[in-house]
Amino acid sequence: LAGGALHQDLAGTRVLISAGGTREPLDPVRFLGNRSSGRQGWALARVAVARGADVVLVAANVEDPAPFGCTVVPVGSAAELHTAMTERAADADVVVMAAAVADFRPTEVAADKLKKGGSSEPTAVALTRNADVLADLVAARRPGQLVVGFAAETGDADDDVLGHARAKLARKGCDLLVVNDVSAGQVFGRPDNAVTVLAADGGVTDVAPGSKDAVAAGIWDVVAPRVGPRR
Ligand code: CTP
Ligand code: CA
């Protein structure tokens with residue numbers, strides 16, 4: 001593991017991490033999903049355990065075996081992730097929302113498998129907005145609890161990557177936002193990653209490109225000194 005991983009600077013810190021990508025059911029066998037592999041969340045968990053934290057991982061559809069030493073809570077949909085995170089956040093000093101949470105779910109979930117033929121073949125999927133888990137965790141947070149969000153952004157005609165990210169940090173109200181620049185479209189499913197960590201107090205830290213474990217160590221280097229005295 002990269003520099004700092006041998007420090008026990010998270011000793012006794014209770015860390016709650018969501019990772020992976022939610023799946024929103026359409027019928028008993030189909031879902032709307034996303035390409036998040038869960039690997040960055042896994043790396044955050046691995047590094048936090050190595051640095052002494054007690055880690056609970058709320059894992060949405062992650063294929064890789066869970067890192068050693070974590071408590072894993074498996075979830076499927078955004079609603080399940082919301083419930084699991086809300087329940088577990090009460091016992092956490094740091095909450096990290098690394099999961100890719102679906103913004104929308106199918107409004108209707110068919111009780112039986114949708115079939116071809118017959119009188120009523122589906123022609124469209126109606127969608128309903130999911131709750132914002134991160135915003136709800138921020139609203140319910142205990143004094144001293146640190147809440148960390150993630151955002152994958154591209155620049156566009158309105159603003160650049162960091163401009164969009166600063167606006168999102170303010171909108172969400174979290175303490176830190178880990179920003180992936182996905183303009184080149186090459187983060188998902190790749191082993192390497194590079195991020196910038198924005199803080200609500202204005203701090204900006206670039207984490208050098210590297211393996212997901214190295215990036216995770218860089219992220220914890222920013223988070224750990226901000227963890228409150230309650231351990
Ligand atoms: N997030 C969440 N609940 C949602 C959607 C997102 O908790 N329903 C969290 C993600 O886990 C991430 C952060 O919010 O930590 C930012 O996610 P992102 O998709 O970038 O933000 P959105 O508010 O959904 O904005 P956008 O319209 O750009 O997708
Ligand atoms: Ca979103």
Side-chain angles (χ1 to χ4, degrees), residues 16-45 55-67 70-92 95-141 147-154 156 164 168 171-174 177-178 180 182 185-190 193 212:
L16 174 65
I17 302 174
S18 71
T22 65
R23 293 179 175 179
E24 309 306 304
L26 272 162
D27 74 7
V29 296
R30 302 187 181 93
F31 57 83
L32 300 182
N34 63 69
R35 296 188 190 280
S36 176
S37 67
R39 283 185 207 137
Q40 187 64 72
W42 252 221
L44 285 163
V55 178
V56 176
L57 256 179
V58 171
N61 310 296
V62 184
E63 308 245 312
D64 297 357
C70 302
T71 301
V72 179
V73 182
V75 295
S77 65
E80 288 171 14
L81 185 142
H82 190 240
T83 301
M85 290 300 286
T86 304
E87 283 174 6
R88 297 287 184 151
D91 295 325
V95 179
V96 181
M97 277 297 300
V101 183
D103 293 324
F104 305 97
R105 66 180 178 277
T107 305
E108 307 269 350
V109 182
D112 303 313
K113 189 181 163 191
L114 298 166
K115 297 220 181 264
K116 297 194 295 282
S119 55
S120 57
E121 282 201 13
T123 54
V125 180
L127 299 175
T128 298
R129 173 100 75 103
N130 280 327
D132 189 322
V133 183
L134 179 59
D136 286 354
L137 291 168
V138 166
R141 97 178 118 184
V147 182
V148 183
F150 270 68
E153 300 285 350
T154 65
D156 59 22
H164 281 298
K168 186 164 284 180
R171 202 160 60 233
K172 297 280 189 174
C174 49
L177 189 73
V178 180
N180 263 316
V182 290
Q186 49 187 10
V187 169
F188 287 111
R190 282 173 44 113
N193 203 356
K212 289 201 171 172

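Using a 4.5 Å heavy-atom cutoff, the side chains of Leu32 and Leu127 are in contact. Looking at Asp156 and His164, their side chains come closer than 4.5 Å, going by heavy atoms from C-beta outward. With a 4.5 Å cut-off on side-chain heavy atoms, Pro67 and Leu57 count as touching. No side-chain heavy atom of Val95 sits under 4.5 Å from any side-chain heavy atom of Arg141. Here the side chains of Phe104 and Arg129 are in contact, with some heavy-atom distance below 4.5 Å.
At least one donor-acceptor pair under 3.5 Å links the side chain of Asn130 to the backbone N or O of Ala102. Between the side chain of Glu63 and the backbone N or O of Ser37 there is no donor-acceptor pair closer than 3.5 Å. Here the side chain of Ser36 pairs a donor or acceptor atom with the backbone of Gly20 at under 3.5 angstrom. Here the side chain of Arg88 pairs no donor or acceptor atom with the backbone of Val58 at under 3.5 angstrom.
Residue pairs satisfying the salt bridge (Lys or Arg N to Asp or Glu O under 4.0 Å) criterion with at least one member in residues 130-140, sequence neighbours excluded, are listed as follows: Asp132-Lys172. Pairs passing the side chain to side chain donor-acceptor pair (under 3.5 Å) check and including a residue from residues 107-116, sequence neighbours excluded, read Thr107-Thr128.
The two residues Pro25 and Ser77 make their nearest non-hydrogen contact at CD-CB, 4.3 Å. Residues Gly41 and Ile17 share a closest heavy-atom pair of O-CG2, 4.1 Å. Taking every heavy atom of both residues into account, Phe150 and Ala98 meet most closely at CD1-CA, 3.8 Å. Residues Val72 and Ala59 share a closest heavy-atom pair of CG1-CB, 4.0 Å. Nearest heavy atom pair, residue Glu24 against residue Thr22, reads OE2-OG1, 2.9 Å. The two residues Gly149 and Leu134 have their closest heavy-atom pair at CA-CD2, 3.9 Å.
Within 6.0 Å of the CZ atom in Arg105, the count of heavy atoms belonging to other residues, nucleotides or ligands exceeds 12.
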Could you give me the CA-CA distance, side-chain angles and deciding distance for Leu81 and Met97, then say whether side chain to side chain contact (heavy atoms under 4.5 Å, CB included) is met?
CA-CA 10 Å; Leu81 185 142; Met97 277 297 300; 4.0 Å; yes

Go through the steps for Ser18 and Val133 under the test side chain to side chain contact (heavy atoms under 4.5 Å, CB included), then give the verdict.
CA-CA 10 Å; Ser18 71; Val133 183; over 6 Å; no

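The CZ atom of Arg39 sits 14.5 Å away from the CG atom of Leu44 when rounded to the nearest 0.5 Å. Interatomic distance, CG of Asp27 versus CG of Leu114, reported as 4.5 Å (0.5 Å rounding).
Between Val75 and the choices Met85, Arg23, Glu80, the side chain to side chain contact (heavy atoms under 4.5 Å, CB included) rule is met once, by Glu80.
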